[in-house]
Asker: 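If you scroll down you'll find the structure; I have some questions about it.
Counting starts at 1 for both ligands and their atoms, in listed order. This is a predicted model, so every value here is computed, not measured.
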Amino acid sequence: MVFLQQFSFWKKPFKKISKIEVLNGLSRMKLEEYIDQVKSCVRKFDDPRQGNNKSYSMEEIGMSAYSVFHLQSPSFLSHQKNMKRKKGSHNGKTLFGFSNIPSDNHIRQVLDSVPPETMNPFFDYALGAMNLEEWLVDGRLLVALDGVTFFSSSTISCSCCLRKELSNGTRYSHAALCPVIVHPHQKQVLPLAPLFIKNEDGQSKQDCEINAAKRWVMANKEFLTRHKVILLGDDLFSRAPFINLIQSFPDVDYVFVAKPSSHPYLYQWIEDLDSKDKISHVVKEKAFASHDHHYIMANAVPLNGGEEVPTVSFLDMAVFNKKGKQLYHNTFVTSLTLTSQNIHQIACMGRNRWRIENEAFNVLKTKGYNLSHNFGHGEKNLANLLAVFNIVAFTVHTLWQITNETFQKIFNAFSSRKQFFQALLTLTIFHLFHSWEHLFEFVKDGLEEI
Ligand SMILES: [Zn+2]
């Protein structure tokens with residue numbers, strides 16, 4: 001471990017880990033498996049190049065780009081070029097499967113023609129590889145929907161940019177609807193394929209999050225009904241056209257935030273209800289010392305005063321500590337019928353929508369992935385393709401955390417995700433690893449010896 005001790009990152013506050021003696025079935029899942037799935041998507045990228053200008057294969061170009069996001073380092077490729085010169089091989093080849101390393105400019109030029117949806121089969125594979133039974137809540141899968149804006153500029157733009165006319169000029173942006181599977185007792189969230197909010201050729205009206213959500217729901221009807229999905233979302237989704245669409249699917253339900261400012265008719269209706277139709281209920285939560293959950297619920301109320309108005313159940317939730325201080329308050333509408341037996345669980349589902357903010361967007365934006373950073377914009381697809389690479393990398397890391405015990409242990413031994421990937425980068429600058437298992441065993445041995 002002399003080599004490791006040369007680096008300051010290898011010193012405390014790392015936790016010493018115990019020897020892993022028995023690996024369960026999931027732990028034996030090969031780390032390469034998910035990287036291979038990324039590769040099989042990248043292999044299918046259409047090659048836009050004409051003639052003889054093909055020194056690098058599409059797989060080399062795509063995996064070179066992906067590796068930068070996977071190791072969360074823009075400098076990974078230049079370090080591997082150095083290693084290739086000195087050692088004749090490099091970690092790009094052994095860990096990601098590309099022999100030749102193209103320049104950043106060449107990568108950007110070639111990948112601009114690749115639609116981000118070409119990576120969707122990876123997400124299908126990832127979902128299929130998971131044991132979804134462990135993610136069910138009373139036989140239902142919870143899917144949180146939310147949009148994320150990951151690029152905004154007044155000077156850089158492409159044909160897919162969303163445009164907003166402001167007093168000081170046009171604002172260009174990129175955004176995506178990112179559905180994730182959540183579970184109240186799972187630390188991680190499972191990302192599904194993102195759907196980019198973008199303007200198609202010849203489209204005059206700007207695309208928006210709710211339209212993207214309608215497209216996503218329509219495209220995933222079979223998945224939603226098969227897993228009896230309960231959709232979770234913010235106030236944007238608690239509108240009649242979207243709710244009517246969801247209610248037209250059998251076995252699909254929702255719990256959406258409903259703010260008073262966007263639902264005045266509903267709130268007036270609730271206020272005017274007789275006390276027998278508007279039930280108050282208090283639950284004392286044993287898991288959180290002395291926190292009281294105060295609920296007000298009403299079933300079969302109209303969402304608004306318009307035509308074709310959906311009937312919803314209304315739920316007001318407030319959490320107080322033992323001193324009577326309000327810690328949380330929110331209001332939801334749901335297609336589920338509320339009773340004093342199920343209201344606590346349904347309210348907890350509604351609260352779980354915040355996990356998409358905490359466990360997905362916050363990590364993607366601030367914990368090393370830098371989703372909002374401009375890695376390259378291009379003229380057509382590049383910005384969205386690089387964003388999906390970033391989300392794929394986050395998903396592979398998540399799946400490794402869930403399914404591989406060695407990865408889990410070494411990842412948890414570092415005090416932050418950023419520090420973990422900094423350590424991996426430093427190791428891969430100086431040492432050639434012949435596989436991911438080799439790299440992680442090397443780190444594990446180091447941690448066991450501290
Ligand atoms: Zn753009």
Asker: Hey, would you say the Phe440 and Trp400 ring centroids sit under 6.0 Å apart?
Answerer: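 When the ring centroids of Phe440 and Trp400 are compared, they turn out to be within the sub-6.0 Å range.
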
Asker: What are the protein N/O/S atoms, named by residue and atom, that sit under 2.8 Å from the Zn ion (ligand 1)?
Answerer: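 Protein N, O or S atoms closer than 2.8 Å to the Zn ion (ligand 1): Cys158 SG, Cys161 SG, His174 NE2, His377 NE2.
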
Asker: Using distance alone, with no hydrogens and no angle criterion, decide if His397 and Tyr369 have a side-chain donor and acceptor under 3.5 Å apart.
Answerer: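 Side chains of His397 and Tyr369: pair found under 3.5 Å.
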
Asker: For the residue pair His70 and Tyr66, confirm or rule out a side-chain donor-acceptor distance under 3.5 Å.
Answerer: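 His70 vs Tyr66: donor-acceptor pair found between side chains.
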
Asker: Taking the six-membered ring for Trp, are Phe375 and Phe389 ring centroids under 6.0 Å apart?
Answerer: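 Judged by ring-centre distance (under 6.0 Å), Phe375 and Phe389 do not meet the cut-off.
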
Asker: Apply the test side-chain contact (heavy atoms from CB on, under 4.5 Å) to residues His90 and Phe76: give CA-CA distance (whole Å), side-chain angles for both, the deciding distance (0.1 Å), then the verdict.
Answerer: CA-CA 11 Å; His90 59 98; Phe76 176 68; over 6 Å; no

Asker: Can we say Lys198 and Glu117 salt-bridge, meaning some charged N sits less than 4.0 Å from an Asp/Glu carboxylate O?
Answerer: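 Between Glu117 and Lys198 there is a salt bridge, with a charged N closer than 4.0 Å to a carboxylate O.
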
